[in-house]
Amino acid sequence: QQVRWIVATGFAETNFQTQNVRRFAEDVRARTNGRLEMVVHSGASLVRLPDILRAVQTGQVQAGDILLFLYGNQDPFFEIDTIPFVAVGYDEARRLHELQKPHLERRLAERGVRPLFYVPWPGQGIVSQRQISSAQDLRGSRMRTAGQTTARFAELLGAAPTVVQTSEISQAFFTGLVDSSIYSPTTAVDTQAWDYARFFHNTRAMHSKDAFVVNRRAFDALPEDLRRAVLESAAIAETRGWEMSQRREQEALQEIRQHGLQVVEPSEQLMSELRRVGDRMLEEWVQKAGAEGRALRDQLRR
Amino acid sequence: MEPVALATVLLILMFVLLGAGLWVAVALVALGVLALELSGAAPPGTVLGATVWGGSTSWTLIALPLFIWMGEILFRTRLSEQMFQGLSPWLTRLPGRLLHVNILGCGIFAAVSGSSVATTVTVGKIALPELERRRYDESLAIGTLAGSGTLGILIPPSIIMIVYGVAADVSIVRLFAAGVVPGLMVVGLFMLYVAARALADPSKAPFTDAPLPLRERLRQARHLIPVLLLMAAVLGSIYGGLATATEAAALGVVGALAIAAMSGSLTWRSFYESVIGATCASCMICFLLAASAFLSVAIDYAGLSAWVAGSVLSLGLSRTELIAVLTLIFIVMGCFLDGISIVVLATSLLLAAVKQAGIDPLWFGVYLVVVVEMSLITPPVGLNLFVLQGMTGRNLAVVSRAAFPFFLLMVLSVVLLVAFPGLATYLPAAVFAR
Amino acid sequence: MRRALDRLYLGAAVLAGMCLVAIAVLVVAQIAGRLAGVFIRGLDQLSGYLLAAATFLALAHTFATGGHIRVELLLERLPPRSRRAVNLACLLLATAVIGYFAWHAVVTTWQSYEFMEVTVGLLAVPLWIPQSVMAIGLCIMFVAVADALVTALDRRAPARGVPRPGGPPR
Ligand code: NA
Ligand code: NA
């Protein structure tokens, strides 16, 4: 008999994370000869992005694509991948992920959900009206922030953090409410950054991640062969997701360049200054994360 | 249950419950629970609790109670009289006379407010009693207000445009710019229609105010200074980079309180009444929005929205045919659903198909906003109708009938938008050309 | 009893009104803070919770004063006897639906407590704290609807939950 899973994602149909989830669903259907059917609802149409974890946990949906750092208030291990300049670029992000993963696994298990695969977002850069060659140039700027870590990052840089929702970014720049922001080149494309800013500093500051999670009871209720098919498809989806992310980063950089937004490789001075801020933020994170956090930091710095 | 059967059951039940006079929000919750129960897609109670909580704490909604409060404060000042004293001398010669105050007042206020309901409430509280006192045709007075009130979401800033821009990955700055020309066009169409009706039957807009000489008119225009200052504070704070639209709404409240204080109408009593009034009005609307968000989610769970979209796409239509069919569907949907739900459903279900058909998403956003405007004035579920029902004490049939000609004028606007897409796309292209 | 209930509804609505005033103050403070270069964490998030509080705490008073929208198109045209019957049916259904709604708001809040869920965003507080206002507001609303049902069963008492003639000028 056929099993149907309802799957919630918080991002638009065209987003690569959603597309990866869709291909995962197709793959599972093919492998199970249609015995496990996943109905994907994209664009937060069923559940708001921050509520997806809870929805999977309570069985409101069977599976979903969650943005890990959103749960940083619950436990600092959810947000370490979103501290800027701790793991720069995909290689460092991969290393951090391997260290972060067992902690995530345990915390998600406590909430009755099982992670199947993790996919990073493209690296984040700094978009601004003026070119930035040292951290000094960011002092006093009005920096758009979306969460805890970026707000703290702005504070440490001496910038004024300003909370602006993604939907209001372009308006905020347009009116001078903010003059810089840290986000990925895909967000630059999505908000058509060339309308409101001039420079994109390709700092690849951090790669926050999505996790595809499934309700553990729903997963355990599957027959053995279906479970195996899901896990096999998940492994493929993770590999594909990392590739898609990297490809998407390059495409997005290309696209913003074509639209006339200047893509700047950050100077060495700027990078070392920003990494120092990252170190400081990592120490602050360790304060919150306790002994386990210290162990993770030590392994990361080895 | 099969989608066809489920859709039929829900539709019939919706008519029965709403027709029997069940509170609309309660009916939407009941239908949502039933859709989830019958389809067995998800536990209704869990979805209800989660969806309603998520939908009730949204930052973008905050503008709504603030703008309503601003209207409540202004309602208790002499601003309505002042606006009429300032505006009316300029309009007494136009056929339709002070009915144009409804249209122009909404047009101006829409440039400050992001919400149609807030626009209707704010301008209506000022204009309706004045028109009634001058014995203007009630139907035209209500209709112009119902229609023009919807401009709140077409003329920037607009909450609906922000919702669409996020869902469809379209630049909000561009969307805002794209709404300007169609907004002015709709204002023009409404004014032409009112003028034509008044020429055919001058008693619709009786001659009550004698024309004044230019000097006197300019002198009367000083009464407009407070409202213009308020507009400048709200608009200026947005475009001057001081505030977001929500923050501008709060500045609007401060400005309104200042006007009330200066005109001597600010007492503890009036302050208290304005707060309770705004709270209850915003409570009704937010509760309705939360309930309809739940129903939208429930029919999405039940697979009904996917079924509808699949049926549409299987038809294989040309661009114009597709828009014609979509318009019909949106009009029907708009009879029962709120604007935000329509936009969210339309983008999540149809945007891919729309792009495939070669339709510019920016243009589609403006089109969608006009369609949502129509939905605000179609019964049985039309927020603007409900608001006017509350304000006039007339029943839904009277208010809907009054609004119907303006609904037709918006259909005409859609036709014009389809025939001349540049109405929406020219201005953003010109502004952002490099 | 009558006075106590009406005071309960109005008292909740006054609290809701205070939330609205607080929202305006917070939003203005956010602008002022930004102009002064002071960053106040999580004001927008707090405003969101206050908005929910304003909505749910005002439900009962809005209901009792006829502020919630209903379609009276057909109801008005019915002869008095059937009108009374249909109105009672509406009130009965509304009591059931709002009861169900209130119950699940309580369950949602309880689960947030049980899961030790923390809010997402710049303000980290236990989620059940802001959520409990939703549960409380809906429970008071339930009392108000049940109250209206009981009152409507008594033929002599004035109808409740029905818009006043002329409607509220809200
Ligand atoms: Na507007
Ligand atoms: Na409608």
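In this text, all values refer to a predicted model and were calculated from it rather than measured experimentally. Residue numbers start from 1 in every chain, and the chains themselves are labelled A, B, ... in the order their sequence lines are given, proteins ahead of strands.
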Could you pull out all residues at least two apart from B/Leu38 that satisfy side chain to side chain contact (heavy atoms under 4.5 Å, CB included)?
-> B/Met1, B/Leu6, B/Val9, B/Leu34

In sequence, state the C-alpha distance, the side-chain angles, and the governing distance for B/Cys283 and C/His68, and then conclude on side chain to side chain contact (heavy atoms under 4.5 Å, CB included).
-> CA-CA 9 Å; B/Cys283 163; C/His68 287 296; 4.1 Å; yes

Rounded to the nearest 0.5 Å, the CG atom of C/Asn87 sits from the CG atom of B/Leu22 at a distance of 10.0 Å

So which of C/Leu59, C/Ile23, C/Val28 has the biggest tally of heavy-atom pairs under 4.5 Å with chain B?
-> C/Leu59

Any side-chain heavy-atom pair from C/Val21 and B/Trp69 closer than 4.5 angstrom?
-> yes

Got C/Arg77 and B/Asn395 here, is their nearest side-chain heavy-atom distance under 4.5 Å?
-> yes

Student check: side-chain heavy atoms of C/Phe63 and B/Val26 closer than 4.5 Å | no

Grab the two heavy atoms, one from B/Glu247 and one from C/Gln30, that are nearest each other, plus how far apart they are.
-> OE2-NE2, 3.0 Å

Please determine, among C/Val25, C/Ile98, C/Thr62, the option with the most heavy-atom pairs under 4.5 Å with chain B.
-> C/Thr62

Looking only at heavy atoms, which two atoms of C/Leu20 and B/Pro65 are closest? And how far apart?
-> CD1-CB, 3.6 Å

Chain B contact via C/Ala24 - side chain, backbone, both or neither, heavy atoms under 4.5 Å | both

What heavy-atom pair brings C/Ala16 and B/Thr279 nearest, and what distance separates the two atoms?
-> CB-CG2, 3.5 Å

C/Val97 and B/Ala30 have their tightest heavy-atom pair at CG2-CB, 3.9 Å

Who wins among C/Ala96, C/Ser47, C/Cys19 for the most heavy-atom pairs under 4.5 Å with chain B?
-> C/Ser47

Between C/Leu10 and chain B, which part of the residue has a heavy atom less than 4.5 Å away: side chain, backbone, both or neither?
-> side chain

Gap between atom CD1 of B/Ile276 and atom NE2 of C/His61 - 0.5 Å precision | 6.0 Å

Residue part contacting chain B, namely of C/Val145, when any heavy atom lies under 4.5 Å = neither

Roughly how far, to the nearest 0.5 Å, is CD1 of B/Ile62 from CG of C/Leu50?
-> 8.0 Å

Do you know the tightest heavy-atom contact between B/Ala20 and C/Cys90?
-> O-SG, 3.3 Å

Between the side chain of C/Tyr49 and the main-chain N/O of B/Thr57, is any donor-acceptor distance below 3.5 Å?
-> no

Distance from B/Leu48 atom CG to C/Thr108 atom OG1, nearest 0.5 Å?
-> 7.5 Å

Tell me, side chain or backbone of C/Leu138 under 4.5 Å from chain B's heavy atoms, or both, or neither?
-> side chain

Chain C: which of B/Leu66, B/Thr46, B/Val253 shares the most heavy-atom pairs with it under 4.5 Å?
-> B/Leu66

Contacting moiety of C/Leu127, where chain B heavy atoms sit under 4.5 Å | side chain

Stepwise, does the side chain to side chain contact (heavy atoms under 4.5 Å, CB included) test hold for B/Tyr272 with C/Val14?
-> CA-CA 9 Å; B/Tyr272 170 82; C/Val14 169; 3.8 Å; yes

Residue part contacting chain C, namely of B/Pro44, when any heavy atom lies under 4.5 Å = both

Where is the tightest heavy-atom contact between B/Cys286 and C/Leu51, given as atom of each residue plus distance?
-> SG-CD1, 4.4 Å

Stepwise side chain to side chain contact (heavy atoms under 4.5 Å, CB included) test for C/His104 and B/Val52 = CA-CA 11 Å; C/His104 281 285; B/Val52 166; over 6 Å; no

Side chains of C/Leu93 and B/Trp23: closer than 4.5 Å at any heavy-atom pair?
-> no

Measure B/Leu385 against the heavy atoms of chain C and call it side chain, backbone, both or neither at under 4.5 Å.
-> neither

Nearest 0.5 Å please: distance from the OG atom of B/Ser56 over to the CE atom of C/Met134.
-> 7.0 Å

Side chain to side chain contact (heavy atoms under 4.5 Å, CB included) against B/Val47, all qualifying residues, sequence neighbours excluded | A/Gln60, B/Leu36, B/Ala42, B/Thr51, B/Phe294, B/Val297, B/Tyr301

Residues, nucleotides or ligands: over 12 heavy atoms within 6.0 Å of C/Tyr113 OH = no

Bottom line for B/Val24: the part with an atom under 4.5 Å from chain C's heavy atoms is both

Could you tell me which portion of B/Trp53 (side chain, backbone, both or neither) has an atom closer than 4.5 angstrom to a non-hydrogen atom of chain C?
-> both

